[in-house]
Amino acid sequence: MKYFFLAYAIIAALFIGLMPMRGGKSPDAPIRLFPDMDEQDKLKPQKPDAFFSDGQGARQPVHGTQALGFNAEGASVIGGIPEPEFGGGTGYYATGGIDGYYANGMPEELGLTAENVGAFLKRGEEVFNVNCAICHGKSADGLGMTSHYGVPGIANLTQDTYGQAAYPDGRLFSVISDGKGNMGAYKHNVNLRDRWAIIAYIRALQFARKAPYDLVKDAYDKATASAAAAPAAH
Ligand code: HEC
C-alpha cells in the first residue's frame, strides 16, 4: 500500500509538473503522428513569407492584369462590350428560347450581314478552339485531347442527333451556357455574342462533314491554286 501511494504521488507530481508546459512555445516542430495536410508549400493569405524580398505572402496582381468584364481603366466593359453581355437578359439572344421552346436561327441582335458573317464565323472558330476543342476535338467529332486521357462520353457533335433539325441552335446555346452532365458551364467565360459565334461555327463544321463533293472539290482546287500562286516563304 505504501508503494502504491508513493507511485501515485510521483505520477501526480509529474502530471501537475508537466501540465503548465502545454501552452508553452517551442521553436521545434510539433511531433505529428498523422501529418495530414497541415504543412503545405503554399502561400497563406495575409501571412508573411520569406520567399519574397518584401517578406509579404500576399502578392499584387501581375502588371497589366485585367479582371473579367473590366477594361484597363476598370470600367465595366470588355473591348466595348458591356458586362450584361454575359447573361441575365431575356429573349432569344440571351436564352436561346422563344416562349419556352428552343428556337433555330441567328438572333438579330448579332447584326449579321453578308459582309460581317465571315469574320463572325472566324471568331466562332477561334472561341470554339479555345473552349471546346480540348474535349470535342477541332472538328467537333468528340475526340479531343481529354478523350485520350479518360474523359468519358464526350458528345460527337457531327452526329445527326446534334444537327439543326433534331437539336435547335437555342439548345446548343443552353448547353454552352449551363453545361450538361460532365460538361461545365461556359456562361461566365464566353459572352453571348461569342456563344452564338460558336453555334454558327459548329453548324459550319457539321455542314463541312456533309458538304456535296462538287463544293468541296471546288474549294480544294481554289485553295491549292492560291497556295501554288503564293510566293515561296523565303
Ligand atoms: C471538359 C470537356 C468538355 C469541354 C471543354 C466542352 N464539352 Fe461539351 N460535352 C462534354 C461532355 C463530357 C459531354 C457529354 C455530357 C453528357 O451528356 O453528360 C458534352 C456534351 C456536349 C453537347 C451535347 C449535350 C447533349 O444534349 O447531349 C454539346 C452540344 C456540347 N457538349 C457543346 C460544347 C461546346 C460548344 C463547348 C465549348 C463552349 C463544349 N461543349 C466544351 C465535355 C466537354
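The structure displayed is predicted, hence computed values, not measured ones. Order of listing sets the numbers, starting from 1, for every ligand and every atom in it. Just so you know, residue 1 is the first one in the sequence shown, and it goes up from there. These values consider heavy atoms only, across backbone and side chains, with no hydrogens, waters or symmetry-generated copies.
Summary of contacts: the protein heavy atom closest to atom 23 (C) of ligand 1 is Tyr162 CE2, 3.4 Å. The nearest heavy-atom contact from the protein to atom 5 (C) of ligand 1 is Tyr186 OH, 2.8 Å. Shortest contact from atom 18 (O) of ligand 1 to any protein heavy atom: Gly181 CA, 3.4 Å. Of the protein's heavy atoms, Gly153 O, 3.2 Å lies nearest to atom 14 (C) of ligand 1.
Applying the 4.0 Å criterion to heavy atoms of Ile176 picks out, from ligand 1, the atoms 35 (C), 38 (C). Taking every heavy atom of Pro152 and a limit of under 4.0 angstrom, the matching atoms of ligand 1 come to 12 (C). Close contacts between ligand 1 and Ile134 involve ligand atoms 5 (C) [criterion: under 4.0 Å to a heavy atom]. Which parts of ligand 1 touch Asn182 is read off a 4.0 Å heavy-atom cut-off, strictly below it: atoms 12 (C), 18 (O). Within ligand 1, counting atoms from 1 as listed, the ones closer than 4.0 Å to a heavy atom of Ile198 are 35 (C), 38 (C).
At a 4.0 Å heavy-atom cut-off, ligand 1 touches Leu172 through the side chain alone. When non-hydrogen atoms are compared, ligand 1 lies under 4.0 Å from neither the backbone nor the side chain of Ile199.
Ligand 1 lies less than 4.0 angstrom from a heavy atom belonging to Tyr167. Residue contacts with ligand 1 include Ile202, since one of its heavy atoms falls under 4.0 Å from the ligand. Contact annotation: Gly144 has no heavy atom less than 4.0 Å from any atom of ligand 1.
Here the side chain of His136 pairs a donor or acceptor atom with the backbone of Ala155 at under 3.5 angstrom. Proximity of a side-chain donor or acceptor of Asn191 to a complementary backbone N or O of Asp194 within less than 3.5 Å is detected. With hydrogens and angles ignored, the 3.5 Å screen pairs no side-chain donor or acceptor of Asn182 with any backbone N or O of Ile154.
Cys132 is listed as a side-chain neighbour of Ile198, based on a closest heavy-atom distance under 4.5 Å. A 4.5 Å side-chain heavy-atom check between Tyr92 and Glu108 finds every atom pair outside the cut-off.
When the shell of 6.0 Å around CD of Gln46 is examined, it contains 12 or fewer heavy atoms from other residues, nucleotides or ligands.
With respect to Asp169 and Arg203, a salt bridge is recorded, a charged nitrogen being found less than 4.0 Å from a carboxylate O. Remark: Asp49 does not engage Arg59 in a salt bridge, criterion side-chain N to carboxylate O under 4.0 Å. Classification of Asp160 and Arg209 as a salt-bridged pair fails, no side-chain N sitting under 4.0 Å from a carboxylate O.
The six-membered or imidazole ring of Tyr201 lies away from that of Trp196, with a centre-to-centre distance of 6.0 Å or more.
Applying the salt bridge (Lys or Arg N to Asp or Glu O under 4.0 Å) criterion to Asp178, with sequence neighbours excluded, gives Lys187.
Excluding waters, the set of protein N, O or S atoms lying under 2.8 Å from atom 8 (Fe) of ligand 1 comprises His136 NE2, Met183 SD.
Between the side chains of Tyr102 and Ser174, at least one donor-acceptor pair of N or O atoms lies under 3.5 Å.
At least one test fails for Arg195 against the ring of Tyr186: distance under 6.0 Å to the centre or angle within 45° of the axis.
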